Number of protein chains: 2
Amino acid sequence: MPKVGMEPVRRQQLIDATIASVGELGLQGTTINSISKKAGLSSGIISHYFGGKQGLIEATVRHLLSSLKQSLLAQVDESTLPEQRLMYIIEANFALVQQRADTTRTWLSFWAQSMHDAELHRLQNVNSKRLTSNLAFSFKQLLPKEHATQAAQLSAAMIDGLWLRAVLSQSNKDQFNHSEQLAKQYVKSLIQQYGA
Amino acid sequence: MPKVGMEPVRRQQLIDATIASVGELGLQGTTINSISKKAGLSSGIISHYFGGKQGLIEATVRHLLSSLKQSLLAQVDESTLPEQRLMYIIEANFALVQQRADTTRTWLSFWAQSMHDAELHRLQNVNSKRLTSNLAFSFKQLLPKEHATQAAQLSAAMIDGLWLRAVLSQSNKDQFNHSEQLAKQYVKSLIQQYGA
DNA sequence: TTTTATTAATTGAACGTTCAATATAAAATA
DNA sequence: TATTTTATATTGAACGTTCAATTAATAAAA
């Protein structure tokens with residue numbers, strides 16, 4: 001038989017190829033062929049490992065969400081100070097971009113599609129609420145409780161808004177870093193303004 | 001069947017049907033059939049008036065951008081005070097939503113697609129920069145110049161971020177109004193903080 | 001009658017899925 | 001060790017569907 005234990009390798013290859021294809025061609029322009037060609041594999045393999053195109057799309061979103069979660073967990077532990085933890089949260093949300101240029105476009109495509117796909121919408125909600133609650137957890141250690149929740153909401157919106165504008169204007173790495181700095185400044189100003 | 005002078009009527013019918021279809025089915029799920037069916041017309045009429053599907057898509061985006069522009073111009077004149085003008089800008093950006101529920105989803109679909117379509121990207125950039133410069137114009141009358149530009153950038157991001165989060169979480173009208181209030185509060189707090 | 005508006009039928013390309021055939025590493029055998 | 005068998009990873013052509021675009025036909029207005 002062929003080399004055994006290829007499944008995890010192929011799955012990762014196909015997920016990477018999906019990110020690349022959606023980043024380059026959009027979700028509209030991404031086909032079974034565009035993905036399998038980028039992966040250097042045949043088109044049939046997608047149905048074999050993911051049941052079909054839709055299964056691969058969803059697996060790719062889960063992979064991106066998991067990457068985002070891990071990149072925060074890698075930086076933070078129980079001893080991390082609240083303000084430092086807030087900075088790490090912002091860094092994690094801008095980090096995926098710096099690693100790969102096509103990831104941001106892919107992310108945005110999935111967001112838009114989540115309006116018309118129940119499973120994608122579910123995954124998007126998990127991610128959105130995780131950002132807010134991660135922020136709220138640290139703000140509560142710095143601000144009076146009545147301000148902490150709203151600070152988390154506003155910070156989440158500011159992060160998403162800065163991120164979105166950077167993606168849409170097809171910013172380079174420097175402009176992305178600038179947006180990251182603005183987000184950090186904003187969180188610091190909230191702490192100064194309402195800090196206990 | 002034909003009556004004379006139908007062109008403007010048909011164009012508007014088809015643009016409305018496009019907003020409805022993209023709002024309901026997404027850009028992926030929208031076909032010339034889904035549009036023409038909603039409009040109660042045949043599919044061939046799309047090529048007749050817009051050259052093809054892509055032409056209709058672009059005309060629809062232009063119509064949305066023009067609506068946004070007009071809804072601000074309708075409220076503002078030279079005598080409008082700077083702070084009041086800032087509030088009107090925010091209201092205009094949230095207003096399209098309140099008129100029609102499907103408009104917001106449609107807008108988001110077009111944003112995502114603009115990453116992979118040159119003309120859509122150009123239109124998106126026009127809109128994005130108009131928001132920033134509209135905000136900057138009023139901030140410059142209220143804040144020292146060095147703070148005004150940054151306040152405009154931050155406010156634009158906050159508006160887009162709050163708007164995006166409201167759309168993605170499939171918020172109702174009340175939640176949208178709440179986001180609008182948060183955006184207004186934020187702009188007011190910028191004025192208090194850096195105001196001359 | 002000529003022109004304009006519209007439709008309905010048709011076309012060919014592109015799509016996702018399926019599946020019989022193939023290739024090949026591992027296991028069994030001798 | 002060399003050979004055969006077995007099991008599974010992978011392919012890619014074929015299929016049915018769906019799409020955007022085109023076409024020819026039709027009906028009303030001028």
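Just so we're on the same page: letters track the sequence lines, and every chain starts at 1. What you see is a predicted model, and the numbers here were worked out from it, not measured in a lab.
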Checklist entry - Which whole-number value in Å describes the distance from B:Leu14 CG to D:dA20 P? => result 14 Å

Item to check | Length of the CD-C1' vector between B:Glu7 and C:dT6, whole Å | outcome: 14 Å

Next on the checklist: Holding to side chain to side chain donor-acceptor pair (under 3.5 Å), I want the full list of residues that pass it with B:Gln54, two or more places apart in sequence or in another chain.
Outcome noted: B:Glu58, B:Asp117

Checklist outcome for this item: So salt bridge (charged side-chain N to carboxylate O under 4.0 Å, His left out) across residues 120-133 of chain B, not counting sequence neighbours, yields B:Glu119-B:Arg122

Next on the checklist: Just the rounded figure in Å: distance from P of D:dA27 to CE of B:Met6.
Outcome noted: 18 Å

Item to check | A:Leu41 CG to D:dT10 P, straight-line distance once rounded to whole Å | outcome: 7 Å

Checklist entry - Is there a side-chain polar atom (N or O) of A:Tyr49 under 4.0 Å from OP1 or OP2 of D:dT10? => result yes

Checklist entry - Atom CZ of A:Arg11 and atom P of D:dA9: how far apart are they, to the nearest Å? => result 13 Å

Next on the checklist: Would you compute the distance between atom CG of B:Asp102 and atom OG1 of B:Thr104 and round it to the nearest 0.5 angstrom?
Outcome noted: 7.5 Å

Could you go through residues 31-40 of chain A and list every donor-acceptor pair under 3.5 Å that involves a side-chain atom there, pairing it with any protein atom two or more places apart or in another chain?
unit_1  : atom_1 : unit_2  : atom_2 : d
A:Thr31 : OG1    : A:Asn33 : N      : 3.2
A:Thr31 : OG1    : A:Ser34 : N      : 3.0
A:Ser34 : OG     : A:Ser21 : OG     : 2.9
A:Ser34 : OG     : A:Thr31 : N      : 2.9
A:Ser34 : OG     : A:Thr31 : O      : 3.0
A:Ser36 : OG     : A:Ile32 : O      : 2.8
A:Ser36 : OG     : A:Asn33 : O      : 3.3
A:Lys38 : NZ     : A:Glu24 : OE1    : 2.6

Checklist outcome for this item: Here the distance between atom C1' of D:dA9 and atom CD of A:Gln13, to the nearest Å, is 13 Å

Item to check | Side-chain N or O of B:Arg10 closer than 4.0 Å to phosphate OP1/OP2 of C:dT6 | outcome: yes

Checklist entry - Starting at CD1 of B:Ile45 and ending at P of D:dT22, how long is that distance when rounded to a whole Å? => result 15 Å

Next on the checklist: In whole Å, I'd like the distance from the NE2 atom of A:His48 to the P atom of D:dT11.
Outcome noted: 11 Å

Please report, to 0.1 Å, the donor-acceptor pairs under 3.5 Å made by any side chain of residues 67-75 of chain B, with sequence neighbours excluded.
unit_1  : atom_1 : unit_2  : atom_2 : d
B:Ser67 : OG     : B:His63 : O      : 2.9
B:Ser71 : OG     : B:Leu68 : O      : 3.0

Checklist entry - So which pairs with a foot in residues 136-161 of chain B pass ring-ring contact (aromatic ring centres under 6.0 Å, His included), sequence neighbours left out? => result B:His147-B:Tyr194

Checklist entry - How does protein reach along nucleotides 11-21 of chain C, written 5' to 3' as B (base within reach of a heavy atom under 4.0 Å), S (only sugar-phosphate), or - (no contact)? => result ----SSBB---

